[in-house]
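Report on the following structure.
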Amino acid sequence: MPEDAGVERTDAGGGSRVGTADPERVETARREAAEADRVIVKAGTNSLTDDASRLDRVKLDKLVADVMDLRERGTEVVLVSSGAVGAGTGRLDVGPESREGVESIAESQALSTVGQGLLMRHYTQSFERFDQDVAQILVTGTDLDAPERFDNFTNTVETLLSWGVVPVVNENDAVATDELRIGDNDMLSASIAIGLDADLLVTLTDVDGVYTGNPKRDADAELIEAVDDGYERLREIVGGGTETDFGGIRTKVEGAHDVSRHGIPAIIAGSAERDVLARIAAGKPAGTLFVPKTGDDDE
């Protein structure tokens, strides 16, 4: 990695930081994340499905156990979950055509309608192991953009949280064609974090955070442990890959950055990491931390 790459190696932990991430600001942000009272947890498709893109109950149960690590601390959790298409694929033993176009999107949308109920059934069963109630909410970008509809959404979520229920939010894939193409649950979770005045956004993916390269192909890729003022450099790092590289890392980075600009810490971490949410709640390093901006920070 070139010395002028805008990525500096830390002395502890073997990770890297983009830009001039002040260690004190990083530790403050990590402490804020640990003390969060309201957390948005986003689980991507690869964190819930197997290599054949079918829903993986073992992965789902692990995610639920991680969420319950926060709930048992009294933390409010909103879970933004992908996986409906995978659940439908496994149920019908079919998949979208490999070709691109309207037919492929139509198949994915149809699979989501089959899979969404199954996904929620699995979530309900898994959370019942902890006597935890859950609720399903399906939204589109329009629901978040229209003030009245977003007010209805936030009022519903606030009521559910006051009852101790975990809302499980998903993109309404059956009618959201553009969102289905780009996997916009990443931006959806960011919008929800900002709109609900959350204290932390955690985006779980199939890699352990944001790297200086694709860790699945580049043995020299290093984990970026913190991002402060180096967002533009980070965009250059992740901008050269395809949307499927790093588990579709670009939209995750954009969402985390948006949240941090609103003064909310955000973390992109590996869903397979042992007790990942408990580690964050304990103030331990996990994944890539986006340091929140303060009123004194320049844009």
Side-chain angles (χ1 to χ4, degrees), residues 38-50 52-92 108-140 143 153 156-174 176 179-180 183-186 188-189 192-193 196 198 200-206 247 269-273 275-278 280-281:
R38 175 174 293 182
V39 179
I40 311 301
V41 177
K42 188 268 180 178
T45 298
N46 291 339
S47 299
L48 292 167
T49 56
D50 60 21
S53 298
R54 290 169 170 79
L55 188 66
D56 187 325
R57 182 61 189 261
V58 173
K59 289 183 177 181
L60 185 144
D61 284 345
K62 196 268 185 188
L63 169 65
V64 168
D66 286 336
V67 168
M68 290 307 301
D69 284 336
L70 297 183
R71 290 292 298 127
E72 289 166 3
R73 295 169 180 263
T75 305
E76 295 178 337
V77 179
V78 176
L79 177 60
V80 178
S81 173
S82 301
V85 173
T89 299
R91 179 69 174 186
L92 299 182
S108 294
Q109 290 175 303
L111 285 169
S112 76
T113 66
V114 174
Q116 185 61 43
L118 294 171
L119 180 65
M120 283 308 302
R121 185 179 75 182
H122 286 311
Y123 271 128
T124 299
Q125 293 173 344
S126 190
F127 274 108
E128 279 179 346
R129 298 176 299 152
F130 304 93
D131 295 322
Q132 173 65 58
D133 291 320
V134 297
Q136 172 185 266
I137 305 177
L138 297 178
V139 297
T140 67
D143 297 321
F153 168 77
T156 298
V157 173
E158 292 287 357
T159 301
L160 290 169
L161 293 176
S162 72
W163 291 344
V165 175
V166 173
V168 181
V169 185
N170 195 1
E171 191 85 34
N172 192 348
D173 290 341
E179 287 80 359
L180 190 62
D184 219 18
N185 269 344
D186 294 319
L188 174 65
S189 58
I192 290 173
L196 291 177
L200 172 67
L201 169 65
V202 179
T203 299
L204 298 176
T205 185
D206 62 338
S271 58
E273 181 178 348
D275 302 322
V276 59
L277 298 182
I280 292 171

Exercise. Do the side chains of M68 and R129 get nearer than 4.5 Å, heavy atoms only?
Worked result: no
Exercise. Which atoms form the tightest heavy-atom contact between L60 and S126, and what is the distance?
Worked result: CD2-CB, 3.8 Å
Exercise. Is the CZ atom of R91 crowded by more than 12 outside heavy atoms at less than 6.0 Å?
Worked result: no
For this session: Specify the closest pair of heavy atoms between A269 and V276, including all atoms of both residues, with the distance to one decimal.
Result: CB-CG2, 3.9 Å
Problem set entry | T140/N172 under side-chain hydrogen bond (donor to acceptor under 3.5 Å, both in side chains): CA gap, chis, key distance, verdict | CA-CA 6 Å; T140 67; N172 192 348; over 6 Å; no
Problem set entry | Closest approach of H122 to L55 (non-hydrogen atoms, all atoms of both residues) | CD2-CD2, 3.2 Å
Problem set entry | Minimum heavy-atom distance G115-A87, with the two atoms named | O-CB, 3.5 Å
Seminar exercise, completed: Rounding to 0.5 Å, atoms OG1 (T75) and CG (L70) come to a distance of 5.0 Å
Exercise. Roughly how far, to the nearest 0.5 Å, is the CD1 atom of I137 from the CE atom of M120?
Worked result: 9.5 Å
Exercise. Of L201, V77, L188, L79, which is the lone residue that meets side chain to side chain contact (heavy atoms under 4.5 Å, CB included) with I40?
Worked result: L201
Exercise. Looking only at heavy atoms, what is the nearest atom pair of L92 and L111, with distance?
Worked result: CD1-CD2, 4.1 Å
Exercise. Any side-chain heavy atom of T49 sitting closer than 4.5 Å to one from T89?
Worked result: no
Exercise. Does some side-chain heavy atom of E72 sit less than 4.5 Å from a side-chain heavy atom of F130?
Worked result: yes
Problem set entry | Value rounded to 0.5 Å, distance of CG in L118 from OH in Y123 | 13.0 Å
Problem set entry | Short side-chain to backbone donor-acceptor contact, Q132 and G164, under 3.5 Å | yes
Exercise. Out of V169, V41, N170, V168, which one pairs with S81 under the side chain to side chain contact (heavy atoms under 4.5 Å, CB included) rule?
Worked result: V168
Exercise. With no hydrogens and no angle check, is any side-chain donor or acceptor of S271 less than 3.5 Å from a backbone partner on T205?
Worked result: yes
Problem set entry | Nearest heavy atoms of D275 and K62, plus distance in Å | N-NZ, 4.2 Å
Problem set entry | Test item: K59 side-chain N/O and N46 main-chain N/O as donor-acceptor pair under 3.5 Å | yes
Exercise. About how many Å separate CG of D186 and CD of E171, when rounded to the nearest 0.5 Å?
Worked result: 10.5 Å
Problem set entry | Contact check, side chains of F153 and D143, non-hydrogen atoms, under 4.5 Å | no
Exercise. Do the non-hydrogen side-chain atoms of L161 and P167 ever get within less than 4.5 Å of each other?
Worked result: yes
For this session: Calculate, to the nearest 0.5 Å, the distance between atoms NZ and CG belonging to K42 and L204 respectively.
Result: 9.0 Å
Exercise. Do L119 and Q116 have side-chain heavy atoms sitting under 4.5 Å apart?
Worked result: yes
Exercise. When rounded to the nearest 0.5 angstrom, what distance separates CD1 in I280 from CG in L200?
Worked result: 6.5 Å
Problem set entry | Salt bridge present between D69 and R73 (N-O < 4.0 angstrom) | no
For this session: Run the numbers on L48 and L63 for side chain to side chain contact (heavy atoms under 4.5 Å, CB included), then give the verdict.
Result: CA-CA 8 Å; L48 292 167; L63 169 65; 3.8 Å; yes
